[in-house]
Protein chains: 2
Amino acid sequence: MEIKLVKKVLAAHDALAGEIRAELSQKRIYCVNIMSSPGAGKTTLLERTLAGLAGELRAGVIEGDITTTNDADRIARYGTPVAQINTEPFGGDCHVGANFVKTALGELPLDSLDLLIIENVGNLVCPAEFDLGEDDKVVVFSITEGEDKPLKYPLMFRKSSACVVNKLDLAPHLDVDTQTIRANVENVNPKIRIFQLSAKTGEGLDPWLDWLRERVKAKRG
Amino acid sequence: MEIKLVKKVLAAHDALAGEIRAELSQKRIYCVNIMSSPGAGKTTLLERTLAGLAGELRAGVIEGDITTTNDADRIARYGTPVAQINTEPFGGDCHVGANFVKTALGELPLDSLDLLIIENVGNLVCPAEFDLGEDDKVVVFSITEGEDKPLKYPLMFRKSSACVVNKLDLAPHLDVDTQTIRANVENVNPKIRIFQLSAKTGEGLDPWLDWLRERVKAKRG
């Protein structure tokens with residue numbers, strides 16, 4: 001009985017993700033779901049990305065957090081339409097679910113967007129398990145977390161189209177080898193695109209922006 | 001029906017945690033459950049802790065990981081009895097459950113232990129929700145994750161008796177204020193004990209070791 005029930009709940013979730021995917025496709029909005037551990041630099045990467053694409057692509061953001069509106073407040077400063085999801089009133093969910101995205105879509109000006117970015121709850125495990133109707137999942141990985149994390153949390157890296165290896169500016173102060181990180185990421189997902197950058201300094205940002213531009217263009221058709 | 005079922009599963013889990021607590025109490029073993037984001041430095045803290053207490057307290061370790069035995073291999077070098085839990089064969093659970101702990105206890109020489117340390121799966125959300133029969137939960141928080149994380153992930157900090165603020169050696173290279181971190185931790189849990197240290201260099205380790213010594217002594221009675 002238990003397994004049947006879990007399957008039913010997941011089937012309903014995936015059906016909702018399918019509805020979101022259809023709606024975004026119909027409007028030709030490219031959607032990326034950004035995931036990472038807490039504090040890996042998702043919001044800083046978003047700020048850099050929005051600044052880098054300003055005047056070129058029209059972006060909207062869905063901010064997923066258990067509680068607080070800290071991240072949405074940071075994003076709103078860029079004049080970007082942003083919908084905040086707080087999962088705390090719903091049991092403090094450890095990930096953004098399709099139900100939250102569906103609600104958030106109603107708060108965004110979809111007819112004037114090219115790009116929708118979902119910033120997930122900081123968690124290197126659970127968010128990887130849920131389809132949100134996005135075109136791509138992207139994992140942001142901070143080099144401060146250590147070389148072995150792709151091997152220890154493989155699902156997130158397997159499900160992602162791209163991996164942003166972040167906080168490169170701290171490399172001189174850490175005992176980590178960025179080549180080993182790259183090898184470990186590719187070990188669990190040989191097809192993943194890897195971008196090494198520092199969202200803080202902006203170093204290495206351009207290839208990441210180019211990748212997003214290409215994805216948005218492909219979606220527009 | 002769904003809510004009833006979830007309650008039933010949780011009740012079974014808590015009953016098992018109660019059994020673990022009774023067994024450890026009977027053997028007067030103090031048990032601490034160490035939790036954090038991935039890469040916050042739990043294993044390095046464990047290595048320092050085991051070295052610092054060697055010849056004084058007899059420690060055993062339960063290593064919880066989704067996959068790999070990397071951490072258990074590191075701990076075994078200290079001659080410490082260690083039981084590895086991998087959650088991947090069971091759906092890749094994002095936290096250590098009481099069922100895993102119960103199994104792991106059978107692999108440890110309980111009659112010759114004073115202290116049992118559970119290193120949880122790296123996740124700042126889900127592990128906080130589960131009672132493992134431990135005496136204390138401890139959250140390790142790396143300053144690289146940014147000042148606001150206690151406010152964004154409050155449950156983990158509320159449930160913990162102590163917070164180890166780690167990677168102090170990186171403070172000169174980050175835009176974070178350790179006083180703000182301390183204030184944010186105390187904001188969500190005014191009673192929590194805070195230890196600021198660097199597990200890498202060993203700076204600030206002694207108050208943490210003293211706290212553990214006191215807890216073990218209190219459990220022995």
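Keep in mind it's a predicted model, so treat the numbers as computed, not measured. Below, read A as the first sequence line, B as the second, and so on, with proteins coming before strands; counting in each chain starts at 1.
Nearest heavy-atom pair, Val96(B) versus Gly64(B), reported as atom, atom and distance to 0.1 Å: CG2-CA, 3.8 Å.
Looking only at distances, a side-chain donor or acceptor of Thr103(A) sits under 3.5 Å from a matching main-chain atom of Asn99(A). Judged by distance alone, with hydrogens and angles left aside, the side-chain atoms of Arg215(B) form no donor-acceptor pair with the main-chain N or O of Tyr30(B) at under 3.5 Å. Under the 3.5 Å distance criterion, the side-chain polar atoms of Glu186(B) are left unmatched by any main-chain donor or acceptor of Lys191(B). A donor-acceptor pair under 3.5 Å links the side-chain atoms of Asn86(B) to the main chain of Asp65(B), judged by distance alone. In this structure, the side chain of His173(B) does not engage the main chain of His173(A) through any donor-acceptor pair within 3.5 Å.
Using modelled atom types, one finds a donor on one side chain and an acceptor on the other under 3.5 Å when comparing Ser36(B) with Lys42(B). Between Thr201(B) and Asp169(B), the side chains place no donor N or O within less than 3.5 Å of an acceptor N or O (distance only, hydrogens not considered).
Both the backbone and the side chain of Thr67(A) come within contact range of chain B, judged by heavy atoms closer than 4.5 Å. Only the side chain of Leu170(B) comes within less than 4.5 Å of a heavy atom of chain A; its backbone N, CA, C and O stay farther away.
Top candidate by heavy-atom pairs under 4.5 Å with chain B, chosen from Ser142(A), Cys126(A), Pro38(A), Gly146(A), is Pro38(A).
Chain A is approached within less than 4.5 Å, heavy atom to heavy atom, by Val121(B), Gly122(B), Asn123(B), Leu124(B) from residues 116-124 of chain B, ordered by number. Residues from residues 152-166 of chain B that place a non-hydrogen atom less than 4.5 Å from a non-hydrogen atom of chain A comprise Lys152(B), Tyr153(B), Pro154(B), Arg158(B), given in numerical order.
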Worksheet item: Should Asp148(A) and Glu145(A) be marked as a side-chain contact (heavy atoms from CB on, under 4.5 Å) after you check the CA-CA gap, both sets of side-chain angles, and the distance that decides it?
Response: CA-CA 8 Å; Asp148(A) 64 345; Glu145(A) 294 172 35; over 6 Å; no
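With respect to Glu63(B) and Arg74(B), no salt bridge is recorded, no charged nitrogen being found less than 4.0 Å from a carboxylate O. Between Arg21(B) and Asp135(B) no salt bridge is recorded (no basic side-chain N to carboxylate O distance below 4.0 Å).
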